[in-house]
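Here's the structure we're looking at; comments come further down.
FYI, side chains are in, hydrogens and waters are out, and symmetry mates aren't considered; it's all heavy atoms of this structure. All values reported here derive from a predicted model rather than from experimental measurement.
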Protein chains: 2
Amino acid sequence: MVKIKKDHNAEERILAAAKKVFTTKGMAGARMQDIADEAGINKALVHYYFRDKDKLFEVVFLAEAQKFFPKINSIFNSEVPLFEKIENFVAEYIDEMQENPYLPWFVMNELHRDPDQFMYKIWGEKNLPKPQKLLEQIEKEVKKGTIKRISPIHLLMNLLSMTIFPFVARPMLTRNLRLNETQFKEVMDQRKKKSQNLFLIQSGNSFYEKNTDPLFFSAFSFDGADRATPGITKSL
Amino acid sequence: MVKIKKDHNAEERILAAAKKVFTTKGMAGARMQDIADEAGINKALVHYYFRDKDKLFEVVFLAEAQKFFPKINSIFNSEVPLFEKIENFVAEYIDEMQENPYLPWFVMNELHRDPDQFMYKIWGEKNLPKPQKLLEQIEKEVKKGTIKRISPIHLLMNLLSMTIFPFVARPMLTRNLRLNETQFKEVMDQRKKKSQNLFLIQSGNSFYEKNTDPLFFSAFSFDGADRATPGITKSL
DNA sequence: ATTTTTGTTAACCATTTGGTTAAACTATAT
DNA sequence: ATATAGTTTAACCAAATGGTTAACAAAAAT
């Protein structure tokens with residue numbers, strides 16, 4: 001008889017609670033008592049498992065951020081073609097953020113608080129991202145004439161911006177564009193699927209002419225149907 | 001004999017100090033003592049001028065955010081053509097952020113902390129942004145065939161992402177792309193100037209073919225010269 | 001069965017922090 | 001000169017908060 005129900009595991013409960021509280025209130029705004037309450041246990045127990053606030057934060061934060069960021073390297077340094085690479089990157093990141101909606105905020109927050117410390121924690125001394133491979137590929141495609149000449153800086157900026165920002169600015173976007181959570185998810189899924197159009201046309205891809213698909217389905221189409229949804233259009 | 005040197009104005013010094021401290025440490029992380037120290041005055045004086053922390057924050061924050069956000073409305077609702085509108089928007093925002101580098105972070109932070117409260121403070125009850133005009137213009141251009149069909153949602157998302165995100169993620173970008181502050185500014189100026197290419201080609205602008213300019217100057221060109229700067233390229 | 005280790009709690013403590021007070025100082029008006 | 005109003009400060013206070021302790025309970029080891 002195996003005890004499947006192990007949800008009274010204090011340590012895990014604390015971690016989950018800490019994640020939630022740190023994420024919503026930030027490191028400075030989070031209270032140890034909040035975390036204890038959220039986990040439904042005594043405050044001292046939080047200290048029992050994770051010495052102090054800094055340690056707890058470190059555990060929570062690093063666990064999340066370290067699996068989030070270093071993916072860049074492996075994707076960008078892989079041997080697949082440029083376009084596939086970009087597609088992989090976008091898909092991977094949007095998926096990750098769909099599952100952990102708090103993560104981009106969390107990361108940006110810490111990044112802003114102490115950039116150097118942050119970078120060190122994430123990448124360590126020697127493990128800094130090396131976009132060399134990617135830049136070479138861009139340059140190669142540029143020379144081949146497949147894509148128009150673009151500064152890799154801008155291409156990268158655009159790529160990161162269009163992938164990450166919607167999640168960072170989610171509260172603003174959902175509110176001002178009148179999107180509910182389901183619609184937001186759908187919109188992001190569209191971006192994932194259409195990342196080729198999104199990013200390559202953006203960078204001046206000469207495949208442009210071949211592209212007969214409307215960019216991101218037709219306008220106003222949220223629910224997958226290829227027609228206008230006037231309610232949303234109006235209120236937008 | 002006029003006393004030009006009025007830099008010992010306590011109230012202004014407090015405001016400037018508060019802006020700095022709130023921005024770097026966030027509302028929860030900011031200490032009244034920090035602000036007093038930064039302003040070089042006694043802590044009680046901060047309370048003398050701005051009752052309590054909340055009030056001070058409100059003054060600082062609203063002053064900044066209210067001049068930052070409502071510009072969207074006036075630009076997007078103006079009568080100028082779509083492409084000009086986009087150009088205005090990008091230029092206006094990048095300028096604003098160049099001058100107030102802390103602002104985007106500040107805004108995103110509050111936005112995340114309490115979206116509803118935030119939106120209310122910025123736009124009030126009835127002053128919500130109405131992208132109607134912009135959407136109509138997009139739709140018109142789509143129908144005219146000037147730009148390919150694109151969901152206004154995505155066009156707007158892309159526009160906002162590519163304009164705002166680089167400033168939000170500035171610490172990460174400057175560090176990972178090995179840009180110093182001057183270079184970052186230059187890159188953003190490039191984005192401002194080339195917003196047409198950036199955003200319209202991105203949205204499938206059929207003017208594409210007419211565009212013989214390289215997108216964002218040539219690759220690796222940071223210092224305005226149209227040649228490679230190997231140092232940066234290598235280290236990138 | 002009992003000792004030991006691990007997990008959990010209520011009560012407590014020290015420090016930090018937002019905020020107050022009363023006194024002093026400054027400039028201006030009378 | 002002196003009163004007055006505005007400005008600034010050191011000292012203080014109460015609440016909040018991170019962290020500790022000692023006692024207790026549960027589980028594991030002996």
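- In this structure B:Phe57 satisfies the ring-ring contact (aromatic ring centres under 6.0 Å, His included) test together with B:Phe22, B:Phe61, B:Phe106, sequence neighbours excluded.
- B:Glu11 has its CD atom 10 Å from the P atom of D:dT8, to the nearest Å.
- Nucleic acid contact class of A:Tyr48 (heavy atoms, under 4.0 Å, all strands): base.
- Salt bridge B:Lys193/B:Asp189: absent, no basic N to carboxylate O contact under 4.0 Å.
- Between the CD1 atom of B:Ile14 and the C1' atom of D:dT8 there is a distance of 10 Å, rounded to whole Å.
- Checked against salt bridge (Lys or Arg N to Asp or Glu O under 4.0 Å), B:Glu181 has the following partners two or more places apart in sequence or in another chain: B:Arg170.
- For the pair B:Leu45 CG and C:dT21 C1', the interatomic distance rounds to 15 Å; values are reported in whole Å.
- Taking B:Thr182 as the reference, B:Asn180, B:Glu186 meet the side-chain contact (heavy atoms from CB on, under 4.5 Å) condition, with sequence neighbours excluded.
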Pairs under 3.5 angstrom only: tabulate donor-acceptor contacts from the side chains of residues 35-44 of chain A to other protein residues two or more places apart or in another chain.
| unit_1 | atom_1 | unit_2 | atom_2 | d |
| --- | --- | --- | --- | --- |
| A:Asp37 | OD1 | A:Gln33 | NE2 | 2.9 |
| A:Glu38 | OE2 | A:Lys20 | NZ | 3.1 |
| A:Asn42 | OD1 | A:Ala44 | N | 2.7 |

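- By the ring-ring contact (aromatic ring centres under 6.0 Å, His included) test, A:Tyr93 pairs with A:Phe68, A:Phe89, sequence neighbours left out.
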_For nucleotides 17-24 of chain D, give me one character per nucleotide, 5' to 3': B if any protein heavy atom sits under 4.0 Å from the base, S if the only such contacts are to the sugar-phosphate, - if neither._
SBBBB---

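- Within 4.0 Å of B:Tyr49, counting heavy atoms only, lie sugar-phosphate atoms of the nucleic acid but no base atom.
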